[in-house]
Structures are given as structure tokens and as C-alpha cells.
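A, B, ... follow the sequence lines: proteins, then strands. Residue 1 opens every chain. Hydrogens, waters and symmetry mates are skipped; everything else that's a heavy atom, side chains included, is used. Model, not experiment: these values are computed from the prediction.
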Amino acid sequence: MFRKKSKALVAMSIIMSALIMVSGCGASKPAATPTGDAESKEPIKIGFLGAKTGDVAIYGLNTLKGLNMAVEELNKEGVLGRQIQLVEEDNAGQKDQAINITNKLISQDKVVAIVGDPTTGITRVAGTIANSKKTVIMSAGSTGPDVVEIGPYVFRDTLLDTIAAPATMKYVIEEKGWKNVALITSKNNDYSVGLSKIFSKSIVDNGGKVVIEEFIQDKDTDFSGQITKIKAANPDVIVFSGYYTEGALIMKKAREVGIKAVMVGGDGLQGDDLMKIGGADVEGSISYAGFSPEQPTPDTEKFINAFKAKYNNELPDLFAAQGYDALMLIAKAIKEAKSADPEKFKDTLAQTKNYEGVSGTITFQEGREPIKSPVYLLEVKGGKFTLLKKVPVEVK
Amino acid sequence: MKKLLNNWIVQVLLFLSVLALTALSTSIIQDIIPPYLLMIGLFIGINLIMALGLNLITGVTGQLSLGHAAFMSIGAYASAIATVNYDLPFLIGVLIGGLAAGLIGIIIGFPTLRLTGDYLAIATLGFAEIVRVQFTNMKITNGAIGFLGIEGSTTFPIVMTIVVLTICCMVWIENSRNGRAMLAIREDEIASSAVGINTTLYKIQAFAIGSFCAGVGGALFAHTTTFIQPTDFGFLKSVDILSIVVLGGLGSIPGTIIGAIVLTSAPEILRPLANYRMIVYGLLLVVIMIFRPYGLLGGVNLRQAVRRALMIPKKKQAGRGE
Amino acid sequence: MSLLTLNNVTIRFGGLTAVDTVNLEVKQGEILALIGPNGAGKSTMFNLITSIYQPTEGTITLEGKSLVGVATHKIADMGITRTFQTIRLFTELSVLDNVKIGCHCRGKAGLLQALTRLPGMKREEAEIEEKAIKSLEFLDLASKRDEMAKNLSYGEQRRLEIARALVSKPKILLLDEPAAGMNPQEKVVLMEMIRRIRDTGITVFLVEHDMKLVMGISERIAVLDYGKLIAEGTPLEVRSNKAVIEAYLGSGKFKSRIRR
Amino acid sequence: MPILNNLMQQLVNGLALGSIYALIALGYTMVYGIIGMINFAYGEIFMFGAYAGLVLALTNYVNVYVALLGATVITMVLGVVIERVAYKPLRRSSRLSALISAIGVSIFLSSLMVRMKGPNTRGFPKLFENRIFEIGDFQITIYQIVIIGVAGLLMLGLHLFVSYTKMGRAMRACSQDRDAASLMGVNIDRVISVTFAIGSGLAGAAGVLAGIYFNAVQPYMGLLAGLKAFAAAVLGGIGSIPGAMIGGLMIGLTEILGITVNLSQYKDAFAFTILILVLLFKPSGIMGRKANKKV
């Protein structure tokens with residue numbers, strides 16, 4: 001009897017504390033927007049697919065931040081006189097949950113388009129379903145192969161590495177004269193593995209040499225072993241194909257042991273956290289992006305300012321920018337097609353040319369593969385990404 | 001009548017007709033219910049197949065394994081290689097997935113099953129990590145980039161038929177000389193060997209069958225998602241499957257079924273909680289364990305409970321979760 | 001005729017010699033008791049016979065076949081089963097299942113049979129069940145067959161352990177302190193039971209502290225002290241053996257044990 | 001001899017990494033030794049410690065010692081609360097129920113931290129200036145010295161505490177036989193609480209040290225660190241304090257040496273391969289007592 005009572009007490013206290021915590025955290029949650037607009041036209045539903053929990057949550061949550069910005073902005077005027085309503089679901093980075101969510105969003109919530117997932121793997125899985133159910137899906141981060149090939153409803157608005165990475169290596173080797181390269185790959189990150197392949201080919205093509213190749217894993221924190229070896233190999237430059245968090249940590253360690261070489265990487269390094277974590281140690285790092293923060297289009301500037309205002313002075317990262325653009329592109333296509341029917345606006349969307357998004361100027365090629373032109377090479381200077389070089393890209 | 005039912009051929013026919021009925025009814029259901037629910041049902045089925053395998057290892061034989069996802073991944077990759085690289089039919093691929101996992105289970109089992117309790121747990125955990133790293137670095141699996149181009153051949157009727165088949169096999173094993181030996185090992189290893197049970201043999205048998213089930217589950221998973229990466233089979237996947245078995249009630253087949261239903265649909269049911277979903281999920285695990293430490297159906301004799309429920313004409317159902 | 005022969009058996013754990021050059025024969029069809037103070041090495045002897053421990057020196061043979069180095073689980077098949085000093089039942093299983101498991105070494109069905117359920121397997125299952133029920137009836141536990149083993153009383157648990165060991169029809173039954181924790185009435189019943197077991201042709205070898213029981217049923221008694229066999233003979237002989245008396249009187253521990 | 005210098009440098013790297021594993025492993029070993037349960041939420045306590053240190057360090061008024069102490073105290077309380085709420089009701093249940101409960105706590109804590117602080121990796125403010133000492137051709141940073149030093153001191157302190165204090169004696173008694181200890185007048189609840197407090201405190205301290213050394217704090221940092229620390233505890237012989245230290249150092253060194261011999265992509269497999277090999281040849285771990293089979 002006593003034991004039962006104490007158990008009940010324990011459970012009560014757990015539930016109570018959970019409630020308190022939930023209500024405490026709840027304050028910061030943006031209000032959902034099922035607006036009772038005077039037009040009383042049903043809102044256009046857009047699904048968000050991405051991880052809000054689990055170890056890839058950061059990419060999903062950042063995409064979502066950008067997405068929410070876009071919703072807010074679009075709803076000031078409405079799209080075709082209707083409001084945009086975002087249906088967010090968390091797939092925790094797991095494919096089975098992603099499948100369930102994609103089905104739910106399409107068959108239950110009746111969304112017309114899905115934005116997400118930031119990772120290539122889940123996009124392929126969700127893309128197959130969305131395509132077969134004739135719902136537009138736009139990934140705001142996937143860079144791997146075999147995504148848009150799934151079918152006419154699958155899009156992405158990322159900067160593809162096949163163009164930007166060789167241009168970057170050409171610049172590094174020819175203009176900077178850094179021929180001896182230390183190449184670091186994050187072995188459990190598909191983006192990094194794919195990008196490293198492109199990097200190592202273009203290093204050789206441009207007359208450079210990979211003097212040492214090292215591997216890390218995403219979420220690693222200790223790089224002392226790799227850095228010690230890199231120091232011994234004495235490279236001119238460190239090329240890292242992964243994301244900004246690991247990039248910053250690698251550079252911290254490198255500077256700690258006295259390596260002077262700078263880091264060069266892909267658009268995965270585009271994140272304010274690179275400087276936040278890396279501080280002075282990432283000064284001089286070179287990476288590429290679809291936009292230049294020094295010569296921002298008015299839209300980009302507006303976006304950055306609004307983002308900072310909304311999210312506690314935080315700067316948007318690449319995922320936030322691409323998430324924002326993804327929805328804006330979809331909304332534009334809906335407006336132009338004058339229809340929220342995916343079967344109709346998907347064609348309008350596929351014909352997008354030179355759209356000036358906040359993550360770059362986007363053109364969808366034949367087959368919906370995006371091109372962002374020009375590509376900007378950026379250097380970290382004074383804790384900011386600054387323009388180094390503009391590389392135009394040919395649009396077929 | 002009773003005599004007829006005891007005839008082996010009649011029983012086989014009966015069993016086959018149950019399988020056929022399952023396949024038939026599920027393919028009708030498939031067309032009626034919305035795809036969202038159907039997919040949840042499908043994943044419940046896949047998780048259940050894997051959980052039944054783990055139940056045999058951990059629940060029946062008492063060997064704590066924290067590496068079930070490794071066997072799942074072996075089955076997934078083996079079947080994918082079979083159907084994609086060698087153009088074998090889907091069901092053969094599933095069988096190959098199961099056999100590959102079972103075989104590796106035996107190879108791993110020989111040395112590690114000498115360990116007991118938590119030492120075995122950590123060894124299986126370590127093994128799973130090694131497998132994951134191996135798949136990340138192999139050419140044929142395409143590393144972190146993932147294995148592409150798997151046909152989406154898994155269907156609801158196939159999964160459900162395999163589920164029924166698995167449940168039947170598990171019930172038969174448990175009610176046989178083998179199953180009793182496995183239960184005895186869980187209860188007391190020394191007494192088991194004193195009555196002549198070759199403990200190593202039966203542990204490996206359980207491990208092999210359990211791994212086979214995980215491999216089959218993995219194969220079905222791969223042919224559902226059509227694309228697999230090593231990160232799909234991390235430690236947390238093993239934990240998911242173990243949670244199903246423990247939550248349902250260790251060693252209880254109906255418990256495992258309930259566990260699979262509850263835990264596979266819990267993240268979906270909890271979806272409205274949005275950002276607090278995983279927080280609540282964590283709490284839920286704790287609360288269920290505090291109130292039902294032996295699992296939802298642990299220590300419930302289902303046959304007795306049903307009999308009691310039938311004798312007293314009350315609507316109360318036996319052993320309902322939640 | 002000698003059934004089980006221990007020849008110069010010695011086992012050392014580190015520096016401690018638990019059993020020291022013991023020579024002992026267990027004869028077909030007898031009731032033999034092994035007595036001695038706590039820590040004399042009695043249970044260790046049983047563990048040596050059932051191959052849980054391996055002797056450092058010496059040989060153990062059953063009908064001429066060596067038991068040294070034989071895997072523990074094969075011992076039961078060869079015809080030796082046992083009970084344990086601290087009861088080791090399969091507590092979460094039913095009484096009937098406990099006894100059925102005792103039949104394990106007499107069964108043949110493997111995984112294939114379990115999954116095909118051919119008539120042969122069912123016949124075997126039926127036989128096992130029949131044997132198990134008979135064994136339960138023999139030990140007066142038939143009415144408890146569906147109870148969980150953990151719910152039995154202490155005396156019932158002891159009997160269940162014997163039933164489990166008996167069901168495979170061993171040549172020798174090793175009983176490790178079967179009367180421990182029993183009340184006087186239960187002990188009387190137990191004595192009767194042990195005799196009946198012997199009457200079915202099974203040799204009984206027991207370790208016991210209860211002198212009344214030992215003297216009452218044993219045909220021969222062996223006395224172990226500090227790992228050495230100090231006496232062997234009929235109850236009458238042992239009772240009047242000088243070495244035994246010395247050990248009994250000389251060791252306060254042992255004396256108190258006798259009275260119990 | 002550049003290779004030798006490189007090796008020396010790698011040994012230092014391995015020692016520093018190993019010290020962090022060792023600190024977490026200590027907590028595992030203590031809890032396991034006394035109540036025989038795997039506290040799976042341990043990695044998350046480590047993570048909470050790191051965040052507590054971060055929050056304290058960001059207040060600007062705090063130096064490294066205060067951050068370390070504050071995080072230790074916070075995680076001590078956290079550990080005790082977790083034990084009371086999630087484990088104590090399950091003390092008499094099967095080991096697996098407690099394990100699942102611990103997994104629940106672990107999911108709860110990491111998801112809670114994501115809600116509270118976001119999923120980003122956060123940098124750790126410099127609590128003191130880094131300095132590099134050159135010894136011959138290899139260098140050791142002040143961070144590495146502090147990590148190895150603090151870890152060594154905490155371990156020594158713990159060893160002395162368990163060996164020579166009354167509470168330590170009670171702990172050892174509980175690890176031998178909890179019921180007997182209880183009959184001898186040892187307050188089991190208190191011993192377990194103290195065990196959880198000390199173990200969690202160590203994990204919290206390790207969290208702050210890891211935050212300073214790696215300069216990174218992340219809500220999911222606990223999982224892999226916890227698994228490896230658990231492996232370290234088993235490797236060294238679970239229940240043994242010097243064992244946890246040796247196990248932690250061994251795993252740290254193995255990882256770094258794996259990188260040194262050009263197998264960095266297999267780094268995580270290394271630790272576990274060594275673990276399995278050791279278990280197979282010496283199942284009770286390096287320093288573990290051999291459990292005699294009692295019949």
C-alpha cells in the first residue's frame with residue numbers, strides 16, 4: 001500500500017515538473033497561424049520535414065527558422081489571397097519517421113508542398129513518396145546525387161558542389177599558390193564524403209598534391225591526433241569538406257599546436273557558428289556560397305536584419321537562408337501559376353530563372369537541378385565573411 | 001473432429017490457410033486505409049519481427065543484447081546487395097538478409113556468448129559500433145553516402161504475413177524442447193547444465209534465430225525506405241528495439257506485440273506535442289517502468305486472464321496497454 | 001559392483017587443497033552418504049563429479065568411462081543428476097516445466113522438429129509430459145503442476161528439485177543436503193522417498209548434515225575432514241571409528257553440527 | 001627522430017583524451033559497483049555538467065574553479081534527483097527495467113537541453129589563457145596539463161575517500177552485500193545517494209573540463225562519450241576505481257594511436273575492438289576481481 005502511494009507520488013511529481021518545464025519553455029514558441037482571415041479562404045498548407053530532435057536537429061531547426069520567416073513575410077500580403085500555414089513535423093533524422101511524416105503531410109494534412117529535409121538521404125526517401133503522390137517537395141540542403149532525378153515534383157535550392165568546388169581549388173592553388181594540401185573528410189557525413197571526392201580530383205587537376213588525408217566524424221570533439229599528424233606533414237592549406245562546427249573545432253586545435261595554414265572548405269562552412277566557436281582561429285578561412293554578405297541584395301539584407309530581430313540577434317546560416325528561399329520560390333510559383341495545385345505550379349517552379357534569393361541567384365536547369373550564379377568565394381575577416389572573388393557560372 | 005485436428009497434414013494446411021488469409025485480408029486493408037496509417041502499420045510489423053527476435057535472445061534466453069541494430073543493418077545491406085547488384089527476387093533477398101545476419105550472429109556468438117550479463121551487453125554494443133564503422137568504410141555499401149536504388153518492394157501484406165509466420169515460429173519454439181532449454185538458461189545456467197542442457201549451443205541457437213529475425217526486419221526496412229545509410233542503424237535503433245521488448249514484458253510474445261504497437265506509434269501519437277515530443281517520450285519510458293517494471297504484460301498469464309475475463313461477463317479486456 | 005570410482009582425486013584452489021587424494025567407490029544400488037564439517041569439501045566433491053570443477057589430480061570414472069574433462073551438460077546424459085545445496089530451480093517457470101526440462105537429456109527434438117511439429121516430435125513431447133507427471137506423482141507434487149516454482153514451500157521446492165533430477169532416470173542421483181530446512185515430519189517423508197528412489201534401481205549418493213537421517217537410511221557412510229577421507233564403512237563402523245570420534249570430539253564445530 | 005616525437009606528442013594527446021573518459025568511467029564504475037546497475041543517463045549528466053559550466057562561465061564573474069565547482073554541485077543534485085525519481089522505485093525489479101528507465105532519463109535530458117539551449121554546438125569561453133610548453137620537439141598545452149592533473153587528483157581523492165572514510169567503508173560494504181550491510185546498520189539509501197552524488201559530480205566536472213579542452217558543448221555530446229566511458233569502465237574491470245582510470249586512458253590512447261597509424265576512419269571501432277578482445281581473454285576486465293563460480 002505504502003509503496004503504491006510513493007510510486008503515485010513519484011509519477012505525480014514527474015508529470016508536474018514536466019508540465020512546469022513545458023510551460024516554461026513554451027513562452028518562446030511562436031504562435032501557430034491558423035488565422036481566421038476575413039477572406040475566409042482556406043490557408044495553403046506547406047509541410048516542413050526535418051529533424052527537430054536527434055543529432056541532426058541543428059540543420060532541421062535552422063531550416064525551420066528560415067521557413068518561419070518566410071511564412072511571416074508571405075502572410076503579410078497572402079498568397080492568392082490566402083494565408084500560408086506551416087505544418088511542422090519532426091522526423092528525428094530517422095527514415096522510417098520521415099516516411100510516416102511524408103504520408104501524413106500529404107494524405108492527412110493535404111499540404112501542397114513540402115520543404116525539407118536538409119539531408120540528402122531523407123530527401124531521397126521522402127521525395128519518392130511525394131513524387132508518387134504528386135506533391136512538390138523542395139529540399140533546402142541536399143547536395144548528393146539522385147535527388148531531382150526522382151521525378152518532376154522533386155526540387156532543391158542548394159548550391160551544387162560540382163561547379164563551386166573546382167573553382168575554389170583553382171583559386172587556392174593558382175592564385176594563392178598553396179599546392180600541398182591536407183584534406184580532411186568527415187567520414188559519417190555524406191555531404192563531406194561527396195565533396196571530398198570533388199576536392200581531391202580538382203586538387204590534382206590544378207597541379208596540387210594531397211600530402212595528407214585525414215578522417216574525422218561529425219560530432220567528434222577531439223582532433224588532437226589528426227592535427228598532430230597534419231602538423232608533421234606541414235601542408236600549405238587545410239581543406240575540410242564538412243560543416244562549420246567541426247571546421248571551427250579543427251582550426252582551434254590547429255592554431256593551438258602552431259599550424260599556420262588556413263582552412264578552405266565548401267558551403268558547409270557557411271554558418272555564423274564558425275566564427276562564434278572558432279573566433280580568431282578561423283580568420284582567413286575560405287569557403288564559397290551563393291551570395292555575398294558584403295554586396296547583399298536588398299532582399300538579403302532585409303532577411304538578415306529581420307532574422308536577427310526575430311531570433312535574438314542570431315545570424316542566419318546557410319540552412320536558414322535556403323529554407324527561406326525554398327518557401328519563397330514555391331510561393332512565387334503558386335502566384336504565377338495562379339493555382340495552389342502542385343500539378344500546375346510545379347511546372348512554373350521548374351521554369352524559375354535568375355531568382356534573386358537570399359542564398360543566391362537561383363536558376364533551375366533542365367531537369368530541375370539548381371544553379372546558383374555567380375558563386376562567391378568568401379574569406380573570414382574580422383569575424384565576418386567577406387568577399388574574395390566572384391566566379392560566374394554558365395547556365396545551360 | 002479433435003482427431004482430425006491432430007493430423008499433421010491437416011495442421012499444415014490449416015497453418016497455410018491462416019497465412020493465406022492474412023495475406024488476403026491485409027491486401028484488402030491496404031486499399032482501404034490511408035497511406036499514413038498503413039505505413040505506421042508496416043513499421044509496426046517490421047519492428048515487431050525484429051523485436052520478436054530480440055525477445056528470444058533477451059526475454060527467453062536471458063542474454064542482454066545491445067547490438068540488435070547491427071544485425072538489422074547486416075540484413076539490410078545483404079538484401080540490398082542481393083536485389084540490386086545481383087538482381088535476385090525480393091523475397092530471396094529478404095531470405096539472404098536473414099541468413100547473412102544469422103550467420104554473423106553465430107560467428108559472433110561463439111566467442112561473445114561466453115560472457116554473461118552486462119559484459120555481454122557491452123560486447124554486443126561494441127560489436128554493433130564496429131559493424132557500423134565497417135559499413136561506413138566499405139566500398140560496396142557506398143559508405144556514408146548510402147546505398148542507392150533499392151526497389152521499394154516491401155508491402156503491407158508481405159510484412160504482415162512474415163509477422164504471422166514469425167509469431168507462429170516463436171510460439172512453437174517456446175513450446176518445444178529447445179524453448180524450454182532456453183528458458184532454463186535464463187533462469188539458472190548452472191542448474192541447466194546439470195540437467196544436461198548444452199548452454200552454449202542453445203544460446204547460440206537463440207542468438208542465430210534472433211539475428212535472423214533482425215536481418216529479415218532490416219531487409220524489409222531497406223526495401224521500404226529504398227535507401228539506406230550506416231547512420232540508420234545506430235545505437236539508438238538497438239535501444240528502440242530493446243525498449244519494445246522490455247516495455248511489453250520480457251519473454252512475453254503478446255507483450256512484445258503490444259510493445260511494438262505502443263512504441264512504434266507513440267512518436268506518431270505524440271506528434272501534436274511537437275517540440276516536447278521526445279521529452280514526453282523519455283518521461284513515458286520512466287513512468288511505465290516505475291508502474292510496470294516487468295513490462296506492460298510482464299507477469300500476466302494471458303491465458304488465465306482471458307479465461308477469467310470470459311467467465312465473468314465484464315467488458316474488461318485482458319492486458320490492455322495504457 | 002562399483003558404479004562410480006574416484007581415484008586419488010585432488011583439487012586445489014590457489015594454495016587451498018579442498019579435496020585431497022580421495023579414493024572412493026560408489027556401488028550399484030546403494031545409498032551412500034558423505035558427511036563432514038562445513039568446508040570439508042563435500043559440495044566440492046559433487047562439483048568434481050558433475051564436472052563443474054576439474055580435478056587437479058586423479059581420475060573419476062563412471063562404469064569405466066572417465067568424467068574428467070567431460071562437458072558439464074554431458075554428465076546428465078551419462079547418468080548422473082544432482083540437486084543443489086542452495087535450491088536452484090527455474091523459479092519463473094511452472095512446476096511441470098521444471099520437471100520437463102529435467103528430461104532434456106533424454107529428448108532428441110531439435111530446432112527443425114520444433115518448427116515442423118511432425119508427429120514424431122509430438123510423440124516425444126507427450127512422452128516427456130508423461131514422464132514428468134509420473135515423476136511429480138512420485139514426489140507427491142502432481143497437484144502443484146501448474147504452480148510457479150517460486151510459489152512452492154521450501155520443502156516442496158526441495159522435492160521438486162529431486163523430481164527434476166529423477167525424471168531422466170539417472171544411474172546415480174547426487175543429493176546435496178536434501179533435508180536442509182525441512183521440519184521433522186518432512187524429513188521422515190524424505191527418508192522414505194530416498195529409499196523408494198533406491199528401490200527403483202537408482203543409486204543414491206548424498207551429502208547431509210542431519211545425522212539421524214544419514215544413520216537412518218545410509219548403507220555406507222564416508223567421512224570427509226579437511227578434504228581428506230578419514231573413514232568409510234557402514235553406519236555402525238563409522239560411528240565407532242576412532243578417527244571419526246576424534247574429529248567429532250576434537251572439533252567443536254563438527255560436534256555442534258551433529259546435534260542439529 | 002620525427003616519428004618518435006610524433007609518437008610522444010600523440011601519447012600526450014591520448015592521455016588528455018583518456019583522462020576525460022576516465023573521469024566519466026569513474027562514475028559508471030561506482031554506481032555499478034554499489035547497486036549493480038548501468039546508469040545509462042550518465043553521458044547526459046556529463047553533458048549537463050558541461051552546459052552548467054558554460055552558463056556559469058558566460059556570467060563573466062566566474063573563474064574556472066567556480067565554474068568547475070558550480071557544475072559539480074549542480075550535477076550532484078541532478079544525479080541524486082534522478083536516482084530518487086527514476087531508479088529507486090526499480091531497485092528491486094529486474095536490471096533491464098532500470099536500464100530502460102535510465103534510457104528514458106537519457107532521452108529526456110538531451111531533448112530537454114535541445115529545448116532549453118538549442119541543438120547548436122556552443123563554444124566555451126576561455127576561462128584561462130592557453131599556454132604551450134615545448135619539451136624538446138613535442139608540446140604540451142596548459143589545457144592538457146590541467147585535464148590530466150585534475151583527473152588524476154579527483155581519482156586519487158576518490159580512492160582515498162572510498163578506502164579511508166566511514167562512508168567509503170559503507171560503500172564498499174554495500175558493494176559486497178547490500179542486505180548484509182543494511183543489517184549492520186548502514187543506511188543504504190544514503191550510501192546510494194552519496195554514490196550518485198559523487199559519481200554525477202565527477203561527470204559534471206568532466207563535462208566542464210571537456211568543454212574547456214574541446215571548446216565545444218552540445219546536447220548530444222553525452223551519448224558517445226558515455227558509451228566509450230562505459231566501455232572504459234568495463235575494460236578496466238567494472239567496480240574498480242584504478243580500473244576505470246586505466247580503462248579510460250587505454251581507450252583514449254588506443255583512439256589516438258589508431259589515428260597515428262593512419263586508420264582514423266576506424267577510430268570508433270578501435271576502442272570497442274580492444275574492449276571485446278580484453279573481455280574475451282579476461283572477462284572481468286583488466287583490474288576486475290575474478291568472480292568465482294559459486295555453486
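For D/L279, the parts sitting under 4.5 Å from any heavy atom of chain B are the backbone and the side chain alike. With a 4.5 angstrom heavy-atom cutoff, B/T136 does not touch chain D via any of its atoms. Using a 4.5 Å cut-off between heavy atoms, D/Y32 touches chain B through its side chain atoms alone. Of the atoms belonging to B/L247, not a single heavy atom falls under 4.5 Å from chain D. Contact of D/L275 with chain B is made through the side chain alone, with heavy-atom distances under 4.5 Å. Looking at D/F270, neither its backbone nor its side chain comes within 4.5 Å of chain B, counting heavy atoms on both sides. The part of D/L99 that comes within reach of chain B is its side chain, from C-beta onward, which places non-hydrogen atoms under 4.5 angstrom from that chain. Heavy-atom distances place the side chain of B/L66, and not its backbone, under 4.5 Å from chain D. B/L64 touches chain D through its side chain: at least one heavy atom from C-beta onward sits under 4.5 Å away, while N, CA, C and O do not. There is no contact between B/I288 and chain D, counting heavy-atom distances below 4.5 Å.
Closest approach of D/A86 and B/V286 over heavy atoms only: CB-CG1, 3.8 Å. Nearest heavy atoms, D/R115 versus B/I279: CG-CD1, 3.4 Å. Scanning all heavy atoms of the two residues, the minimum distance from B/P293 to D/S97 falls at O-OG, 2.5 Å. The shortest heavy-atom contact between B/I130 and D/A269 is CG1-O, 3.8 Å.
Side-chain contact between B/M289 and D/I103 is absent, with no heavy-atom pair separated by less than 4.5 Å.
Comparing B/V245, B/L285, B/L236 by heavy-atom pairs within less than 4.5 Å of chain D, the highest count is held by B/L285. Interface remark: of the candidates D/L223, D/L227, D/L109, D/L227 forms the most heavy-atom pairs closer than 4.5 Å to chain B. Contact tally against chain B (heavy-atom pairs below 4.5 Å) for D/F272, D/F40, D/Y87: the top residue is D/F272. Heavy-atom pairs under 4.5 Å with chain B peak, among D/I107, D/I100, D/I276, at D/I100.
How far CZ of B/F127 is from OG1 of D/T273: 11.0 Å, rounded to the nearest 0.5 Å.
In this structure, the ring of B/F235 has its center no less than 6.0 angstrom from the ring center of D/F230.
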Margin query: What verdict does the side-chain contact (heavy atoms from CB on, under 4.5 Å) test give for B/I122 and D/I238, after you've listed the backbone C-alpha separation in whole Å, the side-chain angles of each residue and the deciding distance to 0.1 Å?
Written below: CA-CA 11 Å; B/I122 185 79; D/I238 202 152; over 6 Å; no
